[in-house]
Amino acid sequence: MLHAPISNALPVMRLTVLQGQARVSAGPRVLFSTVLGSCVATCLFDPEAQLGGMNHFLLAEPGPGAAGVDEHYGVYLMEVLINEMIAQGAAKSRLRAHLYGGANMHSGMARIGTMNSEFARRFLIRERIELLREDLGGTSARRVEFRPALGQVRCRTVDPAQAPTPAPSVRAPAASGDVELF
Amino acid sequence: MNKPTRILTVDDSASMRALLLNALSAEGFEVAQAEDGLAALDWLEGNEVDLVITDINMPRLDGFGLIEQLRGGNTSHRNRPIVVLTTESSEEKRARARAAGATGWIVKPFNPEKLAAAVRRVTY
């Protein structure tokens, strides 16, 4: 993955990656943007396919006794991101990763940011995906901008007020988890 | 006492395998796990199961290939239920799984209770 400044040569199409989302694109104009507090964003890039994707997860994985996995968990969003990358032409063996976020912004609260960061690192090791760069932890919110077709990332700290509240967004019920027998 | 239902789960994600193992073991099922279609076929050469739960997108041999091999083979696995558990929600892929001989289709993220209910429906 390259770390050169993001090029201004093309008019950029900015797409926000919200909590609970994973997006993939090979569009040369596309820029994925997200703001992170304790959440973690994974940027994946396949340099040969010139294709990239970003997810943004709220929590790592369900603890014992949890009701199940929903779309806010890293364990789900990592798989969605990898599968979508592969579906659009990436090879898993070529994937390179960056990790951002995982701040512990409120002292006294559970260290969700640390747990998210540790999960993300562990996940990449288990899946044998090379981690090229990380900017995790601390107490500051971050804005991450990722050009998926170029593999270029810019991460900077921002005013904590800009970070989304770490709460699941309310969405229409998805078809996920439903069982269809043929 | 009845013998526990034996399930083989096939998924290339170690994290997803761990979640499935927890969810299915907690329901009293006997769980074996493979990391892709080829590993599943290897394991099935020497073992019997009551149900296969497989992901679609996997290296070496994907879920479609696994279903086709099992349905086209001459082993006892030919008639066993095979449920697909995937993040894919496309109609085209679901139709392809059905045509290949899958018994059911579940979209991740899965709900452990619904998954266990589905297991009971297809194995009893």
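Given the structure is predicted, the values throughout are model-derived calculations rather than measurements. Here is the naming used below: chain letters follow the sequence lines, and residue numbers restart at 1 for every chain.
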Chemist: CZ/B:Arg17 to CZ/A:Arg126 distance, rounded to the nearest 0.5 angstrom?
Modeler: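 Nearest 0.5 Å value for the CZ-CZ distance: 9.0 Å.
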Chemist: Measure the CZ-CZ distance between B:Arg94 and A:Phe182 for me, rounded to the nearest 0.5 Å.
Modeler: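 Rounded to the nearest 0.5 Å, the CZ-CZ separation comes out at 6.5 Å.
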Chemist: Run through B:Val83, B:Leu115, B:Val107, B:Ile106 and flag the one making a side-chain contact (heavy atoms from CB on, under 4.5 Å) with A:Val179.
Modeler: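 Exactly one option meets the side-chain contact (heavy atoms from CB on, under 4.5 Å) with A:Val179, and it is B:Ile106.
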Chemist: Just verifying a value: how many Å separate B:Asp12 CG and A:Ile86 CD1, rounded to the nearest 0.5 Å?
Modeler: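 Atom-to-atom, B:Asp12:CG and A:Ile86:CD1 are 7.0 Å apart.
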Chemist: Residue by residue, which of residues 57-82 of chain B have a heavy atom closer than 4.5 Å to a heavy atom belonging to chain A?
Modeler: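 The list, in residue order, reads B:Asn57.
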Chemist: Does any backbone or side-chain atom of A:Glu127 lie under 4.5 Å from a heavy atom of chain B? Answer side chain, backbone, both or neither.
Modeler: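 Only the side chain of A:Glu127 comes within 4.5 Å of chain B.
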Chemist: Would A:Val75 and B:Leu19 count as a side-chain contact (heavy atoms from CB on, under 4.5 Å) if you check the C-alpha gap in whole Å, the side-chain angles of each, and the deciding distance to 0.1 Å?
Modeler: CA-CA 9 Å; A:Val75 66; B:Leu19 281 174; 3.6 Å; yes
Chemist: Are A:Leu131 and A:Leu81 in one and the same hydrophobic cluster, where Ile, Leu, Val, Met, Phe, Trp and Tyr link if side-chain heavy atoms are under 4.5 Å apart?
Modeler: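 Per the 4.5 Å side-chain linkage, A:Leu131 and A:Leu81 are co-clustered.
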Chemist: Can A:Phe119 be reached from A:Met105 by stepping across I, L, V, M, F, W or Y side chains whose heavy atoms are under 4.5 Å apart?
Modeler: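 Shared cluster, no.
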Chemist: Between A:Leu95 and A:Ile125, is there a shared hydrophobic cluster once you connect ILVMFWY residues whose side-chain heavy atoms come closer than 4.5 Å?
Modeler: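 Different clusters.
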Chemist: Starting from A:Val158, can I reach A:Leu99 by hopping between I/L/V/M/F/W/Y residues whose side chains sit under 4.5 Å apart?
Modeler: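 They do not share one cluster, since no chain of ILVMFWY contacts under 4.5 Å joins A:Leu99 to A:Val158.
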Chemist: Do A:Leu181 and B:Val122 have side chains that approach each other closer than 4.5 Å (heavy atoms only, starting at C-beta)?
Modeler: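 In short, these two side chains touch, coming nearer than 4.5 Å.
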Chemist: Compare every heavy atom of A:Phe123 with every heavy atom of B:Ser15, then report the nearest pair and how far apart it is.
Modeler: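 In terms of heavy atoms, the two residues are closest at OG-CD1, 3.2 Å.
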Chemist: With a 4.5 Å cut-off on heavy-atom pairs, point out which of B:Ala26, B:Ala97, B:Ala23, B:Ser13 contacts chain A the most.
Modeler: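 The option with the most such pairs is B:Ser13.
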Chemist: Treat each ILVMFWY residue as a node, draw an edge where side-chain heavy atoms are under 4.5 Å apart, and state whether A:Phe146 and A:Val35 are in one component.
Modeler: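 In one cluster: no.
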Chemist: Considering residues, nucleotides and ligands other than B:Glu27, do more than 12 of their heavy atoms fall under 6.0 Å from its CD?
Modeler: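 Above 12, so yes.
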Chemist: Are the side chains of B:Asp55 and A:Glu79 in touch, meaning some heavy atoms are under 4.5 Å apart?
Modeler: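 Heavy-atom side-chain distance check passes, below 4.5 Å.
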